[in-house]
Each structure stands twice: as C-alpha cells, then as structure tokens.
Amino acid sequence: MAIEIRRAGRGDAALFARIADGVFDLAVTAAVLEQYLATPGHHLVVALDDGEVVGQAAAMLHRHPDERPVELYVDELGVAPSHRRRGIARLLLDELFTLGRELGCREAWVGTEHDNVAARTLYEARGAVAEPFAMYVYEL
C-alpha cells in the first residue's frame, strides 16, 4: 500500500491508534496529543502506512511582536526505522512547507545536531544551507 501524508488536526486522535516504533521520542498519550492538536499555531503532519503512523513532522507558527513575517518552525521530524530511506521525511517536510506557504510564511526553519548526518543530508537536499548557531538549554 502507498504511504499517505496527512495533516492531523483537532479530533484526529484516532489516527494515532497505531504508531510504529521510533516515530516519536516518547510515548504519545491521548490527553497530550489532543492538547497539541487543539493548540492554535501547532501543526502535525503524519505519514500513514495501512493506517499505522510511520512518520511525523511537527511545526509551530513563530510570530514576532514587530512586523516581521510569520515563520514556520519545524520542531520535530521522525520516521520509523522500518520505513526510512523511502522519501517519507522529504514528503513530510514538503507538506509542512506547503502548509507554511498557505499560512503566509515566507520562511521555514529547522535545527538538528551537527552529527545527525541523515537530517543534514535531507535539509541540504531541499536547498538549505546550515547556518552557524549556538543553542543553550536551561533546566526549569
């Protein structure tokens, strides 16, 4: 069966009844999923193989208090190990870019670790050039 790329929204929790291992970092719970899907500006695109979620890409609209355009921040992208190297990540990213354009975004941005060769290869193949960036994490 062909892979289906679908935008998940409020009320689509049933899509997540079957999730392949390795798609998300942690277990998906119904309450947290519903909260995410109901939050304005949060977007989730999934790849389905015969009804099973085998890939996902999450993004948020990044707004500024000045007049800069809205940007699409790609927060996470994951594909089950069993479904990698089939172009699913590219399809998910393309769907997020289409969504971003529909929402009036002129830019999308994503970050990854320097040693994540697969992610860097994907992003660079889509025409992006890595920018120097330092990230600081605070425990709250």
_Tell me whether R90 contacts the main-chain N or O of L122 through its side chain, where contact means a donor paired with an acceptor under 3.5 Å._
no

Rounding to 0.5 Å, atoms CG (L61) and OH (Y73) come to a distance of 13.5 Å

In R63, H62, R106, the residue satisfying side chain to side chain donor-acceptor pair (under 3.5 Å) with E71 is H62

Can you establish whether the number of heavy atoms outside H64 located under 6.0 Å from its atom NE2 is more than 12? yes

Query raised in the report: Quick one: does E95's side chain get under 4.5 Å of R6's, heavy atoms only?
Result: no

Query raised in the report: Do the non-hydrogen side-chain atoms of H83 and I3 ever get within less than 4.5 Å of each other?
Result: yes

Would you say the side chain of D21 lies within less than 4.5 Å of the side chain of P81, judging by non-hydrogen atoms? no

Correct closest heavy-atom pair for R7 and L99 would be NH1-CD1, 3.5 Å

Heavy atoms of A13 and L37 approach each other most closely as N-CD1, 4.3 Å

Between the CG atom in L48 and the CZ atom in R18, the distance rounded to the nearest 0.5 Å is 9.5 Å

- Answer yes or no: does atom CD of Q35 have more than 12 heavy-atom neighbours from other residues, nucleotides or ligands under 6.0 Å? no

Q) Considering residues, nucleotides and ligands other than E107, do more than 12 of their heavy atoms fall under 6.0 Å from its CD? A) no

Taking side chain as C-beta onward, heavy atoms only, is V110 less than 4.5 Å from L77? no

query = Between the side chain of Y36 and the main-chain N/O of H43, is any donor-acceptor distance below 3.5 Å?
reply = yes

Q. Is any side-chain heavy atom of I88 less than 4.5 Å from a side-chain heavy atom of L92?
A. yes

Could you tell me if the side chain of L33 sits less than 4.5 Å from the side chain of L44, heavy atoms only? yes

inquiry  = Using salt bridge (Lys or Arg N to Asp or Glu O under 4.0 Å), reason through D94 and R126 one step at a time and then give a plain yes or no.
reply    = CA-CA 9 Å; D94 287 349; R126 307 303 303 142; 2.6 Å; yes

- request: Could you tell me whether E131 atom CD has more than 12 heavy atoms of other residues or ligands within 6.0 Å of it?
  value: no

Distance col, row R10:CZ vs H42:NE2, nearest 0.5 angstrom, shows 13.0 Å

Rounding to 0.5 Å, atoms CD (E34) and OG1 (T39) come to a distance of 10.5 Å

task: Output, in order, the C-alpha distance, side-chain angles, deciding distance and verdict of side-chain contact (heavy atoms from CB on, under 4.5 Å) for V70 and L103.
output: CA-CA 8 Å; V70 175; L103 296 171; over 6 Å; no

Nearest heavy-atom contact between E124 and A130 is OE2-CB, 4.4 Å

Shortest non-hydrogen pair, V53 vs V23, comes out as O-CG2, 3.6 Å

| request: Compare all side-chain heavy atoms of R86 with those of V79 and state whether any distance is below 4.5 angstrom. | output: no

